[in-house]
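Just below is one structure, and these are the notes that go with it.
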Amino acid sequence: MRLLLVEDDGLLVESLKPDLEHRGFAVDIADNGVDAEFMGNEVPYDLVVLDLGLPQRPGLEVLSNWRRNGNRVPVIVLTARDAWHERVDGFKAGADDYLGKPFHVEELSVRILALLRRSHDMAGESLQCAGLELDEERQRVTLPGGEVLDLTGTEFRLLRYFMLNPGKILSKTRLTEHVYEQDFDRDSNLIEVYVRRLRDKLGRERIVTRRGQGYIFKAVDG
């Protein structure tokens with residue numbers, strides 16, 4: 001899943017970005033409100049982590065502009081822990097969740113995963129689809145028969161996106177946009193390589209190719 005982290009505290013970004021990447025997210029960075037608003041409108045992010053105290057354009061204005069223009073990207077707002085009025089204003093502007101500073105990356109990660117599941121109408125504490133259960137903390141998948149398979153970072157990100165979007169035609173471009181960061185080579189054939197690897201692990205029948213359109217992850221097992 002591809003996230004936009006909007007934060008002007010360079011030290012916080014330096015600690016958060018690698019932690020989030022280690023947890024299976026592709027992370028783009030914006031350190032001011034103008035760039036954040038533009039990137040949020042131009043790129044189909046799965047979620048935005050948005051600080052409110054930004055240079056050039058306040059985070060609250062960025063969020064309000066997104067919502068006014070019909071951008072429904074899920075947003076977690078970062079606020080000072082005792083700034084209750086910022087939380088209220090954030091929710092009024094269209095925030096989906098908030099997290100007070102300082103915070104632990106573990107809590108941010110849990111909130112991100114919960115919000116992603118809600119935004120895809122998936123209940124429960126773990127991601128389950130087509131007889132598979134994805135362990136998002138250990139980045140491994142349990143098959144219907146109970147076998148547990150470890151996944152590489154890219155395999156994990158790709159499978160998570162498939163499982164969050166079962167039954168949909170997902171183009172190579174769309175998969176690339178949601179699995180990799182902004183500086184990734186869009187002409188690369190790595191998506192095809194990793195689809196093949198997932199088929200080898202999960203069974204070829206789970207991911208169907210629609211020639212000229214993309215791939216479909218089967219919504220039901222069997």
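Every heavy atom of this structure was used, including side-chain atoms; hydrogens, water molecules and symmetry mates were not. Everything quoted here is computed from the prediction, not taken from an experiment. Throughout, numbering of the chain's residues begins at 1 and tracks the sequence.
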Above 12 or not: heavy atoms from other molecules or residues under 6.0 Å from CD of Glu137? no
Answer yes or no: is there a side-chain heavy-atom contact under 4.5 Å between Lys201 and Leu151? yes
Side chain to side chain contact (heavy atoms under 4.5 Å, CB included) evaluation trace for Leu164 with Met1: CA-CA 10 Å; Leu164 284 169; Met1 311 301 285; 3.4 Å; yes
Any side-chain heavy-atom pair from Leu190 and Thr154 closer than 4.5 angstrom? no
Any chance the side chains of Tyr194 and Arg157 put a donor and an acceptor closer than 3.5 Å? no
Is it true that Glu61 and Arg68 have a side-chain N and a carboxylate O under 4.0 angstrom from each other? no
Non-hydrogen side-chain atoms of Phe162 and Leu170 separated by less than 4.5 Å: yes
May I ask you to check whether over 12 heavy atoms, not counting those of Phe38, lie within 6.0 Å of atom CZ? no
Does Tyr215, at its OH atom, have more than 12 non-hydrogen atoms belonging to other residues, nucleotides or ligands within less than 6.0 Å? yes
Full working for side chain to side chain contact (heavy atoms under 4.5 Å, CB included) between Val13 and Asp31: CA-CA 9 Å; Val13 169; Asp31 62 4; over 6 Å; no
Among Asn65, Asn69, Asn71, Asn32, find the residue that satisfies the side chain to side chain donor-acceptor pair (under 3.5 Å) test when tested with Glu37. Asn65
Is the shortest side-chain heavy-atom distance between Glu86 and Asp89 below 4.5 Å? no
Student check: side-chain heavy atoms of Arg23 and Val105 closer than 4.5 Å: yes
Mind running side chain to side chain contact (heavy atoms under 4.5 Å, CB included) on Phe103 and Arg111 for me, showing each step along the way? CA-CA 12 Å; Phe103 56 85; Arg111 288 177 180 271; over 6 Å; no
Phe25 side chain near Leu113 side chain, heavy-atom distance below 4.5 Å: yes
Connected via hydrophobic side-chain network under 4.5 Å: Leu175 and Ile169: no
Among all residues two or more places apart in sequence or in another chain, which pass the salt bridge (charged side-chain N to carboxylate O under 4.0 Å, His left out) test with Asp96? Arg67
Is the side chain of Arg199 donor-acceptor paired with the backbone N or O of Ile207 at a distance under 3.5 Å, no angle test? yes
Exam field: side chain Glu155 to backbone Gln139, donor-acceptor pair closer than 3.5 Å: no
Over all heavy atoms of both residues, which pair between Val6 and Ala36 is shortest? Give the atoms and the distance, please. CG1-CB, 3.5 Å
Of the non-hydrogen atoms in Glu205 and Val208, which two are nearest, and what is the gap between them? O-CG2, 4.0 Å
Does Glu136 come within less than 4.0 Å of Arg160, counting only side-chain N to carboxylate O? yes
Ion pair present between Lys172 and Glu192, side-chain N to carboxylate O less than 4.0 angstrom? yes
Same cluster (ILVMFWY, side-chain, under 4.5 Å), Val77 and Val110: no
Any idea which heavy atoms bring Asp46 and Leu116 closest together, and the distance? O-CD2, 3.6 Å
Val48 reachable from Val43 in the ILVMFWY side-chain graph, under 4.5 Å edges: yes
Hey, quick one: are Leu60 and Val34 part of the same hydrophobic cluster, counting side-chain heavy atoms closer than 4.5 Å, chains of contacts allowed? no
Shortest non-hydrogen pair, Phe217 vs Cys129, comes out as CE2-SG, 3.8 Å
With sequence neighbours left out, what residues match Glu133 under side-chain hydrogen bond (donor to acceptor under 3.5 Å, both in side chains)? Ser126
Please say yes or no: joined through hydrophobic side-chain contacts below 4.5 Å, possibly via intermediate residues, are Leu159 and Ile216 part of one cluster? no
Please lay out, stage by stage, how Leu16 and Val27 fare under the test side chain to side chain contact (heavy atoms under 4.5 Å, CB included). CA-CA 10 Å; Leu16 272 183; Val27 183; over 6 Å; no
Run through Val148, Leu134, Leu132 and flag the one making a side-chain contact (heavy atoms from CB on, under 4.5 Å) with Thr142. Val148
Cationic tip of Arg174 within the cone over Tyr161's six-membered ring, i.e. under 6.0 Å and within 45° of the normal? no
Using a strict cut-off of less than 4.0 Å between a Lys/Arg side-chain nitrogen and an Asp/Glu carboxylate oxygen, indicate whether Glu21 and Lys17 qualify as a salt bridge. yes
Supply the atom-to-atom distance Leu47 CG to Leu4 CG, rounded to the nearest 0.5 angstrom. 9.5 Å
